[in-house]
Amino acid sequence: MQSFAYKVKKELCRVGLPRHCCCRAEAYGVLLYCNTFNSQEIRIITENPDFSARLPRLFKKAFDLRFDFLPEQESGRGKMVFRIVDPQKLERIISQLGYDMHQNTVLHVNFGILEEECCRNALLRGAFLSGGSVTDPEKRYHLELSSSHTQASREMSALLTEMGFSPRSVMRGGNSVIYFKQCEHIENFLTTIGAPAAAVEIMTTKLDKEIRNEANRAMNCDMANVNKTLDAAQVQCDAIEKLRSAGKLEQLPTKLRETAILRLENPELSLGQIAERCDPPVTKSCINHRMRKLLETARELA
C-alpha cells in the first residue's frame, strides 16, 4: 500500500519542467537535501520511482548534463542511486549555483538565484522530493525537511519564514530538521510546492476527524444523560419500593400514588416522559415536585 508521502511525491513529480530558472532552483533544492553534495561527488539516493524518473530530466534541463551513474534499468524498487563524479560536470553545477569550486559549496543558500517566487517554490519542491517526508494525516500532522547541511537548513528556515510559514527546527541524529505540526501550515506548504490534491486530502481528513469527534462527544454526552436519568430513576424506584414495603404506598394522595406507580412501571423514562403519561398530562416541574415529595416521605420512614 502506498504511503501518503509516496502519493505526495508522485503528485509533485507530475509538475512540469518549463522554465530553466525553476529547474535549476528545484535541482538546487534536491542537492541541498540529498545524500552527498560537494566538489568531489554528488550522490542522490531515493526509493521513489517517480522521483527517480524525474531526476535525469531535471538535471538535463537545469545544467544540460547527464548523471555519470544511474540505477540499473530493471531497478524500480529499493534504493536507487544517482551519481556525478566527473570534475567538469561538478564544476558546471557548482558554478551555476554561484559557488566557488575550491570552497565549501553547501554552507549557504544562494538567494541570488531565488529572486522569483516560482524559483523559491521550486527550491522547496526539490528539497521535499530529496529530503522531505509527511505523515498520513489520519495518524497525525507532521511534515519535515531533513538535511546534513546545518547552515543551509537554517537559511532555508529563514526563507520559509520570509514566505509566510512558521517552521520549527531541531537537530536529530546529526541532521538539521525543519518541521511543521499544524495542518494549516502543511496544507499551505504542499500547495506552494505543487501538491494541491494532497493539501485537499489533509483538509478533508481534518474535517472528517472533526465530524467524528463531534459525533463522539455528542454520543458521550447523550450516554451521560441517559446514565444520569437511569441513576435518578433507580433512587426513585428504591424509595417507592420502600414505601410499598411499609404499607404506605396506598395511603399516599391519589396524584402521588399515580406518579409512584408510573415510575415503578417505567424505570427507563425521564421525568418529562413520566409527565406526559399522567392523566391528564402535567409539566415536568410538577412531576419533579412529586418525586421530591415521595423521596422525602421515604426518608421519614428511617
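- At least one donor-acceptor pair closer than 3.5 Å links the side chain of R263 to the backbone N or O of L269.
- Taking the centre and axis of the six-membered ring of F69, the NZ or CZ atom of R83 falls inside the cone set by 45° and 6.0 Å.
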Next on the checklist: Under the criterion side chain to side chain contact (heavy atoms under 4.5 Å, CB included), I'd like the reasoning laid out for K9 against T46: C-alpha separation, chi angles, the key distance, then a yes or no.
Outcome noted: CA-CA 11 Å; K9 292 186 178 183; T46 180; over 6 Å; no
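- The shortest distance between side-chain heavy atoms of R24 and L97 falls below 4.5 Å.
- Of all non-hydrogen atoms in V85 and E41, the two that sit nearest each other are CG1-CG, 4.0 Å.
- A donor atom on one side chain and an acceptor atom on the other are found under 3.5 Å apart for D238 and Q234.
- Clustering of Ile, Leu, Val, Met, Phe, Trp and Tyr side chains at separations under 4.5 Å places V235 together with L295.
- Side-chain contact between F111 and L123 is absent, with no heavy atoms from C-beta onward closer than 4.5 Å.
- Cluster membership check: I45 does not share its hydrophobic cluster with L70, using side-chain heavy-atom separations under 4.5 Å among Ile, Leu, Val, Met, Phe, Trp and Tyr.
- At distances below 3.5 Å, at least one donor-acceptor pair connects side-chain atoms of Y99 with backbone N or O atoms of H108.
- Listed for the R140 side chain is no donor-acceptor partner under 3.5 Å among the backbone atoms of T135.
- Within the 3.5 Å criterion, the main-chain N or O of S153 finds no donor-acceptor partner in the side chain of S157.
- With Y28 contributing its side chain and N110 its backbone, the two residues share a donor-acceptor pair below 3.5 Å.
- Between the S95 side chain and the E91 main chain, a donor and an acceptor come within less than 3.5 Å of each other.
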Checklist entry - What's the verdict on side chain to side chain contact (heavy atoms under 4.5 Å, CB included) for R54 and L12, showing C-alpha distance, side-chain angles and the deciding distance? => result CA-CA 10 Å; R54 183 179 182 83; L12 290 175; over 6 Å; no
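- Taking 4.5 Å as the limit, some side-chain heavy atom of N288 sits within range of a side-chain heavy atom of L271.
- Between E116 and R19 there is no salt bridge, since no side-chain N of the basic residue sits under 4.0 Å from a carboxylate O of the acidic one.
- K10 has its side chain out of reach of N48: every pair of non-hydrogen atoms, C-beta onward, lies at least 4.5 Å apart.
- One finds a salt bridge joining E241 and R244 here, because a Lys/Arg side-chain nitrogen approaches an Asp/Glu carboxylate oxygen to under 4.0 Å.
- L90 has its side chain out of reach of S39: every pair of non-hydrogen atoms, C-beta onward, lies at least 4.5 Å apart.
- H20 contributes a side-chain N or O that, together with a main-chain N or O of A62, makes up a donor-acceptor pair within less than 3.5 Å.
- R154 places no side-chain N or O within 3.5 Å of a backbone atom of S176 that could act as its donor or acceptor partner.
- Between H185 and S166 the shortest side-chain heavy-atom distance falls below 4.5 Å.
- Salt-bridge annotation for E26 and K61: absent, with no side-chain N of the basic residue lying under 4.0 Å from a carboxylate O of the acidic one.
- Counting heavy atoms from C-beta outward, V8 and L143 have side chains that stay 4.5 Å or more apart.
- Results of the side-chain contact (heavy atoms from CB on, under 4.5 Å) test with V177 over S146, S147, S169, P167 single out S146 as the only residue that passes.
- At a threshold of 4.0 Å, the pair R172-E144 counts as salt-bridged, since one of the basic side-chain nitrogens sits closer than that to a carboxylate oxygen.
- Checked for salt-bridge contact, R212 and E138 meet the test: a charged N lies under 4.0 Å from a carboxylate O.
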